[in-house]
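Note that the structure is a prediction, hence the values are computed from the model and not measured. Counting begins at 1 with the first residue of the sequence.
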Amino acid sequence: LALARQSRDCGSEPDRQGMEDRGNVTPAKKNRNGSGLGEPADARPTLQSARYALDAAHELVPRDARMAAEKAYLAATQAADVAAVAQGHQPPEGTGGRLQALTRLDRSTKRRTQTVQHFGTVHTLLHGECFHEGRCDAKTLDEGMRAAAALVSQVEKFVGFDGNPRPRKA
């Protein structure tokens, strides 16, 4: 399963057996981008995986800023995929598809959301400048990680998931 692979890659494995026992996991269908996210009911484990990726990113910052940036970017892409599926679309392919999904989300909500802005910040600062170009100063990381967390939180609210699937380490 792509979800299990993504979770394992971010340094933490969610308790998939425990989630299945509670009935929270819908078997994922393969789609054209291979994300494994196939139905709106898949939002919960995918958003949990995004939270695990954010946790892993925070833990990696002191040791490996570039990898921390990419884990936060993973969380943002997972949130964008959930936003698309929650609106009845296939998980998007690439940055353009994710921006389209988030634009639809921003337009569909009554309260002012900034998911497109948050995703753009994460993509530019964390994925582009930090991960690919190796420019990972503290300000860039902080701004990008805050944007990733805000994006995940906004998508969680949109799909009615309260987030924080496990207590954060102190």
Enquirer: Drop me the distance from L74's CG to T77's OG1, to the nearest 0.5 angstrom.
Expert: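 One finds 5.0 Å between CG of L74 and OG1 of T77.
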
Enquirer: Among pairs that include at least one residue of residues 121-131, which meet side chain to side chain donor-acceptor pair (under 3.5 Å), considering only residues two or more places apart or in two chains?
Expert: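 Every pair satisfying side chain to side chain donor-acceptor pair (under 3.5 Å) with a residue in residues 121-131: E70-H127, T95-H123, H127-H132.
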
Enquirer: With side chains defined as the heavy atoms from C-beta onward, is the minimum distance between L125 and L141 less than 4.5 Å?
Expert: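 When only atoms from C-beta onward are counted, L141 and L125 do not touch, as no gap falls below 4.5 Å.
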
Enquirer: Suppose we screen for salt bridge (charged side-chain N to carboxylate O under 4.0 Å, His left out). Which residues come up paired with D142, at least two apart in sequence or across chains?
Expert: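 Listed in chain order: R146.
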
Enquirer: Below 4.5 Å, heavy atoms only, C-beta onward: do F158 and L105 meet side chain to side chain?
Expert: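 The answer is yes; the side chains approach within 4.5 Å.
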
Enquirer: Does F131 offer a backbone N or O that forms a donor-acceptor pair with the side chain of R66 under 3.5 Å?
Expert: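 It does hold such a pair.
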
Enquirer: With a 4.5 Å heavy-atom cut-off, do V61 and M145 have their side chains touching?
Expert: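 The answer is yes; the side chains approach within 4.5 Å.
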
Enquirer: Counting N and O atoms only, with roles assigned by atom type, does the side chain of S49 sit under 3.5 Å from a partner on the main chain of P45, one being a donor and the other an acceptor?
Expert: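 Not confirmed, S49 side chain does not pair with P45 backbone.
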
Enquirer: Looking at every heavy atom in both V116 and L102, which two are closest together, and how far apart are they?
Expert: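 Smallest interatomic distance, heavy atoms only, reads CG2-C, 3.6 Å.
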
Enquirer: For A50, which residues count as a side-chain contact (heavy atoms from CB on, under 4.5 Å) partner, sequence neighbours excluded?
Expert: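 Result, side-chain contact (heavy atoms from CB on, under 4.5 Å) vs A50: A75, Q78, V152.
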
Enquirer: Could you check whether T140 and D137, counting side-chain N and O atoms only, form a donor-acceptor pair closer than 3.5 Å?
Expert: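 A pair is found: one side chain offers a donor N or O, the other an acceptor, under 3.5 Å apart.
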
Enquirer: If you round to the nearest 0.5 Å, how far is CG of L151 from CZ of F119?
Expert: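 One finds 7.5 Å between CZ of F119 and CG of L151.
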
Enquirer: Got D81 and R98 here, is their nearest side-chain heavy-atom distance under 4.5 Å?
Expert: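 SC-SC contact between D81 and R98 confirmed.
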
Enquirer: How far apart are the closest heavy atoms of A80 and A101, and which atoms are they?
Expert: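 Heavy-atom minimum between the residues: O-CB, 4.1 Å.
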
Enquirer: State, to 0.1 Å, how close G144 and V122 come at their nearest heavy-atom pair, and which atoms those are.
Expert: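 It is O-CG2, 3.5 Å.
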
Enquirer: Are E156 and R51 within salt-bridge range, i.e. N to O under 4.0 Å?
Expert: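 A salt bridge is present here (some side-chain N lies under 4.0 Å from a carboxylate O).
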
